[in-house]
Amino acid sequence: MLIATWNVNSVRQRAAHLLRWLKQAQPDIVCLQELKCLDDAFPRLEVEAAGYHVETLGQKTFNGVAILARKRPDEVIRGLEGDDADSHARYMEAVFSTESGVVRVASIYLPNGNPPLSEKYPYKLGFMERLRRRAAALLRLEEPLVLAGDYNVIPEPIDARDPAAWVSDALFLPQTRAAFRRLLALGLTDALRACDQAPERYSFWDYQAGAFQKNNGIRIDHLLLSPQAADRLVTCRIDKETRSWDKPSDHVPVLVELNLA
DNA sequence: ATGTCGCATTCCATGCGA
């Protein structure tokens with residue numbers, strides 16, 4: 001089973017890319033972030049015609065997440081508990097039955113948090129703590145679980161071409177990295193790093209200043225696995241090719257293959 | 001080189017978020 005995450009930076013602008021990539025990559029489950037539209041504006045008919053069931057949590061202008069899948073989920077949960085005042089569409093889960101049992105997948109669009117001295121940074125850290133609590137609860141289910149999405153976290157210096165350029169950025173501040181480590185310390189596995197410890201494994205390149213041409217990237221899109229999912233890990237890779245397509249998203253898909261039927 | 005996108009509106013120019 002192939003499970004992917006991709007921040008598409010407007011699903012309406014990226015619909016043709018999404019369809020082309022679905023056909024090419026043949027994923028079973030896809031977590032999307034930054035839909036930047038309401039549910040009704042999602043290109044549902046086209047994606048369904050490509051063979052995918054569509055579950056969305058849209059929002060006008062910003063944010064928005066979705067989970068696409070070959071099969072209809074048994075259950076969908078929209079929103080991340082722990083803050084009734086949080087109106088951002090940044091989190092959803094879906095549970096699927098397979099021949100090998102259940103798999104639970106979350107699509108996460110973690111807040112960017114910049115600038116760090118604004119209210120946006122405590123919102124990011126609060127969201128990360130809520131995610132940690134949710135992950136802890138889900139881990140108690142002892143299911144194959146994939147927490148997939150745009151974390152807006154550069155975990156380690158090796159995950160940036162120029163780490164010095166990010167030291168004061170909300171994506172790489174010590175508090176951000178510590179919160180990410182607390183998540184991992186629950187017993188989650190960073191799927192890409194379990195498969196590949198090489199440098200220059202990036203999932204995002206800024207649109208500005210020819211960042212992609214210079215390979216001036218960062219790795220901020222992650223698939224975190226529960227022990228039951230990690231036990232079934234076959235491989236994980238970044239699909240860098242889509243960044244070279246015409247009018248691309250600034251993020252590329254990251255895919256994990258699990259030994260699940 | 002503050003050099004790019006995508007969204008929305010006070011709408012063909014600007015501010016915001018990233």
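All figures in this text were calculated on a predicted structure; none of them were measured in a lab. Below, chain A is the first sequence line, B the second, and so on; all start at residue 1.
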Tyr207(A) OH to dT2(B) C1', in whole Å, measures 18 Å
### Query
Say you pick atom C1' in dG6(B) and the same atom in dC11(B); how far apart are they, in whole Å?
16 Å
Practice problem: May I ask you to say what Lys247(A) touches in the nucleic acid, namely base, sugar-phosphate or nothing, with a heavy-atom cut-off under 4.0 Å? | Solution: nothing
| request: Test Val256(A) against Leu233(A) for side-chain contact (heavy atoms from CB on, under 4.5 Å), laying out the working first. | output: CA-CA 8 Å; Val256(A) 67; Leu233(A) 175 59; 3.4 Å; yes
To the nearest angstrom, the NE2-C1' distance between His251(A) and dG6(B) comes to 13 Å
note: Asn112(A), atom CG; dA18(B), atom P; distance rounded to Å ~ 5 Å
Between Pro248(A) and Asn152(A), the residue closer to the 5' end of DNA chain B by nearest nucleotide is Pro248(A)
Strictly below 4.0 Å: does Thr61(A) bring a side-chain N or O up to OP1 or OP2 of dG6(B)? no
Regarding the side chain of Ala209(A), the nearest nucleotide among dA18(B), dG3(B), dC5(B) is dG3(B)
- Gap in Å between the two C1' atoms, one belonging to dT2(B) and one to dT14(B), rounded: 16 Å
Rounded to the nearest 0.5 Å, the CZ atom of Phe96(A) sits from the CG atom of Asp28(A) at a distance of 10.0 Å
Separation of dA18(B) atom C1' from Trp166(A) atom CH2, nearest Å, is 10 Å
Atom CG of Asn216(A) and atom P of dT4(B) are separated, to the nearest Å, by 15 Å
Of the listed dC7(B), dG17(B), dG3(B), the closest approach to the Phe62(A) side chain comes from dG17(B)
Under the 6.0 Å and 45° cation-pi test, does Arg70(A) pair with Tyr52(A)? yes
Original post:
OP1 or OP2 of dC7(B) less than 4.0 angstrom from a side-chain nitrogen or oxygen of Gln13(A), does that happen here?
Top reply: yes
note: Gln213(A), atom CD; dA1(B), atom P; distance rounded to Å ~ 20 Å
Leu110(A) CG to dA18(B) P, in whole Å, measures 12 Å
Looking at Glu200(A) and Arg161(A), does any basic side-chain N land under 4.0 Å from a carboxylate oxygen? yes
> If the C1' atom of dT10(B) is compared with that of dG15(B), how far apart are they to the nearest Å?
Replying inline: 11 Å
Check this one for me: any side-chain N or O of Lys60(A) less than 4.0 Å away from OP1 or OP2 of dA8(B)? no
Taking atom C1' in both dC7(B) and dC12(B), what distance in whole Å separates the two?
16 Å
**Donor + acceptor pair across side chains of Tyr91(A), Asp86(A) (<3.5 Å)** = no
Give me the distance, rounded to whole Å, that separates dG3(B) from dT9(B) when you measure between the C1' atoms they each carry.
26 Å
message = Below the 4.0 Å mark, does dC5(B) have OP1 or OP2 next to a side-chain nitrogen or oxygen of Arg14(A)?
response = no
Taking for His88(A) and for Asp206(A) the nucleotide of DNA chain B with the nearest heavy atom, the one nearer the 5' end belongs to Asp206(A)
Rounded to the nearest 0.5 angstrom, the CG-OG1 distance for Leu38(A) and Thr61(A) is 8.0 Å
Whole-Å distance, Gln33(A) CD to dA18(B) C1', equals 14 Å
Could you check whether Tyr109(A) gets within reach of a base, just the sugar-phosphate, or nothing at all, counting any heavy atom under 4.0 Å? sugar-phosphate
